[in-house]
Amino acid sequence: MLLVTWNVNSITARLDFVLDFLATRRPDIVCLQELKVDDDAFPRLAFAQAGYACATHGQRQWNGVGVLVRKDAGPGPEIVQAGLLGQEAAGGRLLTVRALGLTVTSVYIPNGKSVRHPDFALKLAWLDSLATYTEGLAREGGSVVAGDFNLCPGDLDTWDPARHAGHIFHTEEERSRFQRLLAQGYHDVFREQVPGERVFSWWDYRAGSFHKKQGLRIDLVLATGDVARRATAASVDRDFRKKREGRVPSDHAPVLVELA
DNA sequence: ATGTCCACTAGGAGTGGA
């Protein structure tokens with residue numbers, strides 16, 4: 001089973017890219033973030049024609065998350081939870097579905113802007129609420145929480161740890177909250193499959209960051225032990241961070257995890 | 001390197017967000 005997470009930076013702008021990816025890789029489950037459309041405007045017909053069923057928790061203009069499930073692989077997705085309890089004001093950033101025997105949560109953690117910006121405290125509060133929510137999922141097992149976490153778990157997940165130390169995405173406050181999820185029983189599946197290697201999932205559009213290999217690993221796949229044990233491979237598909245036939249990519253690449 | 005891309009409002013280019 002191939003499971004993917006991808007922040008597409010507008011599903012409208014990226015539809016051709018995503019359809020191209022689905023045709024190429026035929027993933028079974030895809031967690032999407034930054035749809036930037038409400039549920040009514042989500043192009044579910046295009047995905048149905050491509051063989052995928054969709055569940056979305058959309059939002060006009062900003063945020064918005066969804067899950068695609070390959071129809072041939074089985075039924076679903078069946079929505080379990082749309083939105084993070086108590087954090088509705090932060091926008092559409094969490095969707096939990098059941099599909100293919102898993103409980104899959106697509107998340108888009110708030111960016112926070114900078115450590116001194118008021119949004120940083122909101123980000124930490126959102127992460128606290130997330131941990132409260134995932135406690136139950138972790139106990140049940142069969143849980144995958146995948147998405148754009150807007151934080152680098154460790155120094156191996158950033159192109160220049162010294163330069164970024166203590167700055168947004170790299171603070172002790174963010175990392176300790178990430179560790180809390182691991183303490184609940186979640187595994188960072190990509191990192192366990194690819195230990196010790198500097199691999200990124202996001203590169204700034206500006207300054208030629210992608211070609212200079214100046215990126216961050218902020219798109220993560222967490223899974224409870226029963227699921228993480230099934231993992232056989234993980235990768236980032238950098239091809240989909242490149243222009244294709246003149247079309248502009250998302251600033252994130254898809255992250256892939258193979259489960260037995 | 002304030003370097004790019006997206007959506008919204010508006011009916012063109014500026015603004016906010018990432």
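Only this structure's heavy atoms are used, side chains among them; waters, hydrogens and symmetry mates stay out. In this text, all values refer to a predicted model and were calculated from it rather than measured experimentally.
At the phosphate of B:dC6, OP1 or OP2 sits under 4.0 Å from a side-chain N or O atom of A:R14. Using a 4.0 Å cut-off, no side-chain N or O of A:R60 falls inside it from OP1 or OP2 of B:dC6.
Between the CZ atom of A:R247 and the C1' atom of B:dT4 there is a distance of 18 Å, rounded to whole Å. Distance A:Q59 CD to B:dC6 P: 18 Å, rounded to the nearest Å. In this structure, CG of A:D38 is placed 13 Å from P of B:dA7, rounded to the nearest angstrom.
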Treat primed atoms plus P, OP1 and OP2 as sugar-phosphate and everything else as base, then score nucleotides 10-18 of chain B 5' to 3': B for base contact with protein heavy atoms under 4.0 Å, S for sugar-phosphate contact only, - for none. -------SB

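Side-chain atoms of A:H170 come within 3.5 Å of backbone N or O of A:I168 as a donor-acceptor pair.
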For a side-chain contact (heavy atoms from CB on, under 4.5 Å) check, start with the C-alpha distance between A:I109 and A:Q33, then their side-chain angles and the critical distance, and finish with the verdict. CA-CA 10 Å; A:I109 278 85; A:Q33 300 86 37; over 6 Å; no

Between A:R238 and A:F200, is the side-chain contact (heavy atoms from CB on, under 4.5 Å) condition met? List the steps. CA-CA 9 Å; A:R238 298 177 82 257; A:F200 306 132; over 6 Å; no

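When the side-chain contact (heavy atoms from CB on, under 4.5 Å) test is applied to A:T12, the partners found at least two apart in sequence or on another chain are A:S10, A:V37. Checked against side chain to side chain donor-acceptor pair (under 3.5 Å), A:Q193 has no partners two or more places apart in sequence or in another chain.
One C1' atom belongs to B:dT4, the other to B:dA10, and the distance between them is 23 Å to the nearest Å. Of the P atoms belonging to B:dG12 and B:dA18, the separation is 30 Å, rounded to the nearest Å.
For A:W159 and A:H164, the ring centers sit closer than 6.0 Å to each other.
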